Amino acid sequence: MRAGRGVGHGKVLLFGEHAVVYGHPAIALAVDRCTEVTLTPIDGPTHVRSEHADPRVREAICRVLPDHGHQVEVETRLPVGRGMGSSAALAVALVRARADLERTSLGPSECYGAAMPIERAFHGNPSGVDVAVSAWGGCLWFRPGPPPERERLEPGEWQIVVLDSERTGNTAELVAQVAARRPSVDPVLERIGALTTQARAALRDPEALGELMSENQALLSQLGVCTPELNALVELARGAGALGAKLSGAGGGGIVISLVRDPGPVLSAAEQAGVPAFGCLPWVA
Ligand code: PMV
């Protein structure tokens, strides 16, 4: 029997992280970095070969596969635990690989439905935005349901440069930390939601979008999920001419995204400062 293969893409959150957990909208962009899962039928106990550094990978796989009969290989080009949706990408790759092994194919809705229980094994109570953008691709407007609101958006003439703090953030812990500060942070979450709605209308205006991104960053700082290292990366990007910059994902570590017309100056400034950085191309299904 032939092997089954599945791919799941990572993402950056342009706007709305944390607020999206409480029913506000978010805007996510699927990126050209992905996780690939290969399932090979074997006569023996299921075992996993993974370069994915997260120990919860095995638990996630156990939710989907019987404990006998599969060799599972996981390869990823996504930094793990840095806010780029590596767990959602794994979940999507896994359910697509299983479908491929069974010679069926999954549409994005079925893929979303099958991958969400796996994402819950990682994060407890995820909003679903990471799984949705990995399943549908592109630039996605998302508001949790039921049913979730989802719409493909058309981005303008801008690009994203990612700066990596090289520290991991624990999404479940950070979401719990914000939850513990409610209801006093509810007005901040509402302002993030309102700003995301404004950003949707400004997607083709890079200067306005950059401003809104930086406002979103200030609100994330008020939520308490930013760190001095992330603030320094925001400053580095702004100092090199980025139109806007913010942490992306749960925070507490992870990545900063910057909005640019030309990635060159931010990439050079990061290289000079010894900060790992890369440009992200959108992935469209
Ligand atoms: O850190 P990531 O890539 O898992 O993104 C988390 C985004 C949150 O809004 C903080 C949580 C969620 O479930 O939407």
Side-chain angles (χ1 to χ4, degrees), residues 8-31 33-35 52-54 56-57 60 76-92 112 115-135 140-146 148-150 160 162-182 185-186 188-193 195-196 199 216-217 219-227 230 246-257 280:
H9 284 258
K11 64 93 199 16
V12 292
L13 277 168
L14 300 176
F15 292 92
E17 49 273 269
H18 288 289
V20 68
V21 175
Y22 302 101
H24 299 291
I27 301 176
L29 183 72
V31 299
R33 291 190 172 221
C34 62
T35 294
H52 198 293
D54 194 316
R56 291 168 298 183
V57 166
T76 189
R77 283 192 58 232
L78 286 164
V80 172
R82 307 274 232 295
M84 290 197 71
S86 62
S87 60
L90 171 74
V92 165
Y112 176 81
M116 273 305 280
I118 305 172
E119 176 75 336
R120 284 192 196 102
F122 282 95
H123 295 318
N125 182 29
S127 65
V129 63
D130 289 13
V131 174
V133 76
S134 189
L140 196 75
W141 167 269
F142 179 89
R143 192 197 298 262
E149 200 178 297
R150 182 186 50 72
I160 294 292
V162 170
L163 298 105
D164 187 352
S165 74
E166 298 187 282
R167 287 188 186 246
T168 53
N170 183 317
T171 301
E173 268 173 37
L174 285 145
V175 168
Q177 201 176 297
V178 172
R181 294 187 61 197
R182 294 184 71 211
V185 293
D186 283 0
V188 180
L189 297 168
E190 261 159 49
R191 280 169 63 201
I192 293 176
L195 202 130
T196 303
N216 195 161
Q217 166 64 14
L219 294 168
L220 287 163
S221 287
Q222 285 181 35
L223 276 187
V225 297
C226 200
T227 64
L230 293 174
K246 64 180 269 294
L247 72 84
S248 180
I255 57 159
V256 158
I257 57 169
C280 268

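In listed order, ligands and their atoms are each counted from 1. Note that the structure is a prediction, hence the values are computed from the model and not measured. Basis for what follows: all heavy atoms, side chains included, without hydrogens, waters or symmetry-related copies.
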Do me a favour and list the nearest non-hydrogen protein atom to [atom] with residue, atom name and distance?
atom: atom 11 (C) of ligand 1; answer: Val21 CG2, 3.7 Å
atom: atom 7 (C) of ligand 1; answer: Leu13 CD1, 3.7 Å
atom: atom 6 (C) of ligand 1; answer: Thr171 CG2, 3.7 Å

* Is it the case that Arg182 places NZ or CZ above or below the six-membered ring of Tyr22, under 6.0 angstrom from the centre and within 45 degrees of the axis? -> yes
Hey, which atoms in ligand 1 end up nearer than 4.0 Å to a heavy atom of [X]?
X: Val20; result: 9 (O), 14 (O)
X: Glu17; result: 9 (O)
X: Pro126; result: 13 (O)
X: His123; result: 4 (O)
X: Gly249; result: 1 (O), 5 (O)

* Side-chain donor-acceptor pair under 3.5 Å between His24 and Thr196, yes or no? -> no
Taking all heavy atoms of [X] and all of [Y], pick out the closest pair and write down the distance.
X: Ser165; Y: Gly253; result: OG-C, 3.7 Å
X: Leu247; Y: Glu17; result: O-OE1, 3.6 Å
X: Pro144; Y: Val20; result: CG-O, 3.0 Å
X: Val188; Y: Leu219; result: CG1-O, 3.5 Å
X: Ala88; Y: Ser134; result: O-OG, 4.3 Å

* Asked: Does the side chain of Ile192 come within less than 4.5 Å of Leu223's, by heavy atoms?
  -> yes
* **Per atom 5 (O) of ligand 1, closest listed option by heavy atom (Asp130, Leu174, Asn125, Val131)** => Asp130
* Just go through His18, Lys11, Arg82, Glu119 and tell me whose heavy atom is the nearest to atom 10 (C) of ligand 1. => His18
* Is the shortest N/O to N/O distance between Val175 and ligand 1 below 3.5 Å? -> no
* Geometric N/O contact Ser127 with ligand 1, under 3.5 angstrom -> yes
